Amino acid sequence: MPNYWLMKTEPNTFSFDDLKKSPKKTTCWEGVRNYQARNLMRDEIKKGDNVLFYHSNADPPAVVGTAKVVKEAYPDVFQFDPKSKYFDAKAKPEEPRWLMVDIRYDKPFVHPVSLPELREDPRLADMALLRKGNRLSIQPVTPAEWKRILKLGGLASR
DNA sequence: GCCAACGTTGGC
DNA sequence: GCCAACGTTGGC
């Protein structure tokens with residue numbers, strides 16, 4: 001069974017539209033520099049898993065569509081690039097610290113589901129995203145939450 | 001191993 | 001731009 005995840009990105013940096021315009025509508029998800037998120041990629045995120053694409057620092061913040069994991073965790077090459085903002089001097093090629101996965105554009109929501117809408121829905125009250133102080137950039141989503149959010153977004157769930 | 005200082009995230 | 005919450009760093 002595929003699992004469900006939510007991935008955050010600032011649309012100013014990389015938006016859902018940017019993903020759509022990427023070659024093969026696919027991108028590597030570089031720049032995750034948090035151990036908890038890294039461990040999720042390393043241990044749990046599998047090819048074929050489903051992703052809610054979330055725009056943070058947006059007006060309003062919202063889930064805007066879905067994506068699919070098309071490649072499982074492999075070393076994030078930007079950790080070795082001194083010119084990259086994601087460079088990590090302590091990472092060595094023979095012992096990478098940071099990982100990334102590849103995701104592919106799937107479906108845009110008919111109606112983006114904003115953060116206030118998510119908060120309003122009692123069925124989503126336990127969502128990790130809505131917990132106070134939550135900053136994790138990749139987080140698990142339950143099947144029930146997935147189904148509900150797709151419905152709110154105007155997509156029939158599969 | 002504690003914890004203060006610092007940097008970052010992200011909603012508002 | 002503000003600031004609360006959180007993760008990481010580094011001195012001790």
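Quick note: numbers below take in every heavy atom, side chains included, and nothing from hydrogens, waters or symmetry partners. Keep in mind the model is a prediction, meaning the values are calculated, not measured. Chain naming here is simple, since letters A, B, ... match the order of the sequence lines and numbering starts at 1 in each.
Taking atom CD on A/Gln139 and atom P on C/dG7, their separation rounds to 13 Å, with Å as the unit. Straight-line distance from the CZ atom of A/Arg38 to the C1' atom of C/dT8: 14 Å, rounded to whole Å. What separates CD1 of A/Ile138 from P of B/dG10 is a distance of 11 Å, to the nearest Å. Regarding A/Leu129, its CG atom lies at a distance of 17 Å from the P atom of C/dA5, rounded to whole Å. To the nearest angstrom, C1' of C/dT8 lies 10 Å from CG of A/Asn34. Residue A/Arg131 contributes atom CZ, which lies 11 Å from atom P of C/dC6 at whole-angstrom precision. Atom pair A/Leu136:CG and B/dT8:P shows a separation of 18 Å (rounding to whole Å applied). At whole-Å resolution of the value, OH in A/Tyr86 and C1' in B/dT9 are 13 Å apart.
Checked by atom type, the side-chain pair A/Trp146/A/Asn50 shows no donor-acceptor distance below 3.5 Å.
In this structure, of C/dT9, C/dT8, B/dC12, it is C/dT8 that holds the atom nearest to the side chain of A/Tyr35. Set against C/dA5, C/dT8, C/dG7, the side chain of A/Gln36 has C/dG7 as its closest nucleotide. Here B/dG10 is the nucleotide among C/dT9, B/dG10, B/dG11 with the atom lying nearest to any side-chain atom of A/Arg135.
Taking 4.0 angstrom as the limit, A/Lys8 places a side-chain polar atom (N or O) nearer than this to OP1 or OP2 of B/dG10. For the pair A/Tyr54 and B/dG11, the criterion of a side-chain N or O lying under 4.0 Å from OP1 or OP2 is met.
Aromatic ring pairs are classed by plane angle as parallel below 30°, tilted from 30° to 60° and perpendicular above 60°; the pair A/Trp29 and A/Phe53 is perpendicular. Ring geometry for A/Trp98 against A/Tyr35 counts as tilted: the plane angle lies between 30° and 60°, on a 0 to 90° scale.
A/Lys92 NZ: 12 or fewer foreign heavy atoms inside a 6.0 Å radius.
A salt bridge links A/Arg33 to A/Asp76: at least one charged side-chain nitrogen sits closer than 4.0 Å to a carboxylate oxygen.
Nearest-nucleotide mapping onto DNA chain C: of A/Asn57 and A/Gly133, the residue sitting toward the 5' end is A/Asn57. Mapped onto DNA chain C by nearest heavy atom, A/Lys132 and A/Arg97 fall at different nucleotides, with A/Lys132 at the one closer to the 5' end.
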